[in-house]
Amino acid sequence: MSSALLVKSVDLQFKENNRQHRTEEISKKKLIVRRGELFIITVNFHTRGYEEGRDNITLIAETGPRATEEAKTKAVMTVGASVKPNMWNTTVKNSHDHTLTLSVSSPANACIGKYTFQMQLSSDGNKTSYNMGEFILLFNPWCKEDEVSMTDEILTQEYVMNEQGTLFFGSTDYISSSPWDYGQFQEDVVDICLKLLDLNPKYLKSPSKDCARRGDPIYVSRVVSAMVNSNDDKGVVEGRWHGDYSDGVSPGTWSGSVPILRKWYKSGYKQVKYGQCWVFAAVLCTVMRCLGVPTRVVTNFSSAHDTEGNLTIDEYYDLKGKKLDRSYDSIWNYHVWDECWMKRPDLEEIYSGWQVVDSTPQETSEGVYCCGPAPVLAIKEGHTHLKFDLPFTFSEVNADVIRWISYPDGRTKKASSDTKLVGQYISTKTVGSDEREDITKKYKYDEGTTQEREAVARALRNIRNRSRYESARADDRLHEDSEEPNLPATKIDVSIKVDKTPVRGQNIDMLVNVTNKSPAKKHLMLFISAQCMFYDGRPGTRFWKKEADIQLASNEGKDFPYQILYSEYDEYLSDSRLIKIAATVTEQETTQTFLAEKDIFLSNPTISIQAPDEALKYEPTTAEVLFSNPLPEPLNSCVLTVSGSGLIYDEVKIDGRQMKPGVRGILRVEFTPFKTGMRRLQVVFECDKFKDVKGYKDIKILPSSEEEEDFSNFGIYRY
């Protein structure tokens, strides 16, 4: 009597497969696997078990619309067929009674994304099909055949699995840090990341072609770079570098990517207001780590934005040291981008490894606001003819700075030329700690060395050959000994020294040194001024200035002390907390003018968290947040935001009252951890004077005997 093989149930073994594929932190409720690696499914049948030769079983996995085998978006696997290399395969792992266990493997270059999973059965002339649900396929840095393979497990743990990070900002003389919660393994983040891919313009234009290219990390990184900003599409973050943020969130207030991604997703894909470079970079890091690509956030201090593509940044000052907004070029005090780890089969093998990927919308690439992936090695060697966006990324760390004095009659004279300012202290988080790792030597040879000059000359030749970057000035830079007729012949040295790291709320003390290195006595006029700056190099209001009539004998130098009071700079300070001090010295007899400038970054006061070093999963835990008002005036509109992946499901905002001068506030918060491992509790304090006072506390969460599946019920604060 005929007995067709009928499916009773299918177990995709979420828990075990996700554990094997290092995705259990993402979900225990759906199958999430990495390409190039086996996963197991179990099929239970009615009446009888699977019989080889009698029963034909085919598994079909499809991603994207109109999936095809040719496009590698559709996989057809027959149980019992011979295993084919670099293809989807399924084999019998075990068959017993009414239960069949199958191993399924994907190729290491399979398209990532969400797959539908179907089983087709044919036995005794009967054909049936069974919908087995869905699974998600990610890049696999643990698979040596995958193009994102990273062989060092310590690095993979840091650049894929670590949900907490540290960002660096400030200026070359005042490097500061801040915690960031990437949260790539929050359960809903993977769905948000896949939706981000499905909303990119290339997918909307041709979904099948876009999905067919998702096996290529180069392509995916460019799509994500474009979609993290909202300039061309339904991207995530809208940028604003200065002005009013009242219709959104001030960029400095964000402390994690998940609230940003969730807000975008829940709003129907409306851009989230607002972000600046570190926000774009941190969100991109979350998305790429979630998709399985090793990624780290990098800060470049004194970063050039070269709009003309000639590797020269022009800055203009008036005779009294005020920086003028006369050039589209700029020097950002710092700029933050990402490095993604991947092979470059489109280039020579030496260019595989770290690639610069930048989602901050500065310049377009192939008509879209994205940047990279640009090999870090190619940047170092000046190989600006390679893709992607090498001329722009090279200039960010290597451009020369030319400063000009603008005279009232419209004339401009070159005051100084600096080949060393741009591209300093290129920084990323150290593996296994929150310390800063300096990776400048990965991007450039030591300034002034033969190798460095050769790299610059090579880059300029390559750029010169690209017609859209042709520039007369580019040729000048090839000849280091070329004359600079506009530079002053008389030698007067001017320098500015700030005695200690300035803190907002305190006065700023400085010394201006003027030295006459000429053989004759000089009659000079000193002007010194201060103006607020935005971190992208845009000048703000000049709020303070002094002048002095001085005479110096030959080889004589003098120090001139100055102080800027808190009351003089407070109302002009931007959210960037940057002040440019500029000093000009004009020789009375010749009207030659000499310039010195210094950017000051004012640090915020500190906030601290007192909490136990260890806590139990699912057990309520209490922390105390402590903050003191350091200003001689009250703080208004105080808000405290508390967050932490694995500790709190949604960030919590706590409105406070006015804080009087010198008052110390203590706030007790209670939370219930829902994931084990080292977790980070983060707080952000903001008020009318401060927008980004941040603190954190790392807490080790130990397993508890209690089990709870509904994570969303945890993380509720009581205060």
Under a 4.0 Å threshold between the charged nitrogen and the carboxylate oxygen, would Lys444 count as salt-bridged to Glu452? no
Salt bridge check, Asp655 against Lys653: does any charged N sit closer than 4.0 Å to a carboxylate O? no
Salt bridge flag under 4.0 Å for residues Glu315 and Arg403: yes
Can the positive tip of Arg577 be found less than 6.0 Å from the middle of the six-membered ring of Tyr569, inside 45° of the ring normal? no
Any salt bridge (Lys or Arg N to Asp or Glu O under 4.0 Å) pairs touching residues 626-638, not counting sequence neighbours? Glu633-Lys689
Flag side-chain contact, heavy atom, 4.5 Å: Phe601 against Thr501: no
Any side-chain heavy atom of Val297 sitting closer than 4.5 Å to one from Val336? yes
Please report whether the ring centroid of Tyr334 lies less than 6.0 Å from that of Phe168. no
Please determine if Lys380 forms a cation-pi arrangement with Tyr445, meaning its NZ or CZ atom is less than 6.0 Å from the six-membered ring centre and no more than 45° off the ring axis. yes
Distance only, no hydrogens: is a donor on one side chain within 3.5 Å (strictly under) of an acceptor on the other, for Asn604 and Asp692? yes
Any donor-acceptor N or O pair under 3.5 Å, side chains Tyr274, Arg240: yes
Heavy-atom closest pair (Ser574 atom, Met533 atom, distance to 0.1 Å) is OG-O, 2.9 Å
Whether the side chain of Thr286 engages the backbone of Tyr182 through a donor-acceptor N/O pair (distance < 3.5 Å, no angle test) should be reported. yes
State, to 0.1 Å, how close His242 and Asp536 come at their nearest heavy-atom pair, and which atoms those are. CD2-OD2, 4.1 Å
Passing candidate, side-chain hydrogen bond (donor to acceptor under 3.5 Å, both in side chains) with Glu163, options Lys675, Gln184, Arg679: Arg679
Run the side chain to side chain contact (heavy atoms under 4.5 Å, CB included) check on Ile607 and Val683 step by step: do they pass? CA-CA 8 Å; Ile607 190 169; Val683 297; 4.0 Å; yes
Establish, yes or no, whether the cationic atom of Arg664 lies under 6.0 Å from the six-membered ring centre of Phe627 and within 45° of the ring axis. no
Taking atom types as modelled, find out whether Asp575 and Tyr245 have a side-chain donor-acceptor pair closer than 3.5 angstrom. no
Between Gln276 and Trp241, does a side chain to side chain contact (heavy atoms under 4.5 Å, CB included) hold up when you go through it step by step? CA-CA 6 Å; Gln276 292 175 2; Trp241 281 261; 4.2 Å; yes
Is the closest side-chain heavy-atom distance between Tyr696 and Asp434 below 4.5 Å? yes
For Ile313 and Asp306, the nearest pair of non-hydrogen atoms, with its separation, is CD1-CA, 3.7 Å
Distance-only side-chain donor-acceptor flag, Trp404 / Asp314, under 3.5 Å: yes
Donor-acceptor pair, Asp509 side chain versus Gln563 backbone, under 3.5 Å? no
Using a strict threshold of under 4.0 Å (side-chain N to carboxylate O), is an ion pair present between Arg542 and Asp318? yes
Would you please test Asp329 and Thr307 for side-chain hydrogen bond (donor to acceptor under 3.5 Å, both in side chains) and show each step? CA-CA 6 Å; Asp329 291 344; Thr307 59; 2.7 Å; yes
Verify the neighbour count for atom CD of Glu568: are there more than 12 heavy atoms of other residues, nucleotides or ligands below 6.0 Å? yes
Is the OH atom of Tyr425 crowded by more than 12 outside heavy atoms at less than 6.0 Å? no
Checking side-chain polar atoms at under 3.5 Å, does Trp180 have a donor or acceptor matched by the opposite partner on Ser178? no
Should Glu396 and His305 be marked as a side chain to side chain contact (heavy atoms under 4.5 Å, CB included) after you check the CA-CA gap, both sets of side-chain angles, and the distance that decides it? CA-CA 6 Å; Glu396 288 184 299; His305 182 178; over 6 Å; no
Could you check whether any side-chain N or O of Glu158 sits under 3.5 Å from a backbone N or O of Gly432, counting only pairs where one atom can act as donor and the other as acceptor? yes
For the side chain of Lys694 and the backbone of Trp254, is there at least one donor-acceptor N/O pair under 3.5 Å apart? yes
One pair to check against side chain to side chain contact (heavy atoms under 4.5 Å, CB included): Phe685 and Cys638. What are the steps and the verdict? CA-CA 7 Å; Phe685 177 83; Cys638 300; 3.7 Å; yes
Ser645 side chain to Asp181 side chain, donor-acceptor N/O pair below 3.5 angstrom: yes
CG-SG distance between Leu602 and Cys532, expressed to the nearest 0.5 angstrom: 11.0 Å
Do the non-hydrogen side-chain atoms of Ser303 and Ile331 ever get within less than 4.5 Å of each other? no
Side-chain donor/acceptor of Ser225 to backbone N/O of Cys371, under 3.5 Å: yes
Residues Glu437 and Lys429 bridged, charged N to O under 4.0 Å: no
Over 12 foreign heavy atoms within 6.0 Å of CD1, Ile666: yes
Does any N or O in the side chain of Asn229 come within less than 3.5 Å of the main-chain N or O of Val237, such that one atom is a donor and the other an acceptor? no
Less than 4.0 angstrom from a charged side-chain N to a carboxylate O is my criterion; do Arg222 and Asp389 meet it? yes
Say you draw a straight line from CG of Asn513 to OG of Ser495; how long is it, rounded to the nearest 0.5 Å? 4.0 Å
Look only at the side chain of Thr253 and the backbone of Lys691, and say whether a donor-acceptor pair between them is shorter than 3.5 Å. yes
Tell me if a side-chain donor or acceptor on Asp446 pairs with a main-chain N or O of Thr449 at a distance below 3.5 Å. no
Any sub-3.5 Å donor-acceptor pair from Thr621's side-chain atoms to Ala615's backbone N or O? no
Is the count of non-hydrogen atoms from other residues, nucleotides or ligands lying under 6.0 Å from Asp247 atom CG greater than 12? yes
Does either side chain, that of Arg289 or that of Thr295, offer a donor lying less than 3.5 Å from an acceptor on the other one? no
Do Tyr535 and Phe169 pass the ring pair (Phe, Tyr, Trp, His ring centres under 6.0 Å) test, and can you show the C-alpha distance, the side-chain angles, and the key distance before you say yes or no? CA-CA 10 Å; Tyr535 89 102; Phe169 55 96; 9.8 Å; no
CD on Glu435 to OG1 on Thr428, rounded to 0.5 Å: 13.0 Å
Establish, from distance only, whether the side-chain atoms of Asn333 and Ser171 form a donor-acceptor pair under 3.5 Å. no
What one should report as the nearest heavy-atom pair of Gly537 and Ser330 is CA-CB, 4.5 Å
Indicate the atoms forming the closest heavy-atom contact of Ala596 with Val494, along with that distance. CB-O, 3.3 Å
How about Tyr572 and Phe543: are their ring centres within less than 6.0 Å of each other? yes
Between Arg504 and Asp570, is the closest basic N to carboxylate O distance under 4.0 Å? yes
Ring centre gap for Tyr159 and Trp341 strictly below 6.0 Å: no
What is the minimum heavy-atom distance between Tyr649 and Gln186, and which atoms define it? CD1-OE1, 4.4 Å
What is the distance from atom CD of Gln271 to atom CG of Asn231, rounded to the nearest 0.5 Å? 9.5 Å
Check: Ser359 side chain, Phe280 main-chain N or O, donor-acceptor pair, under 3.5 Å: yes
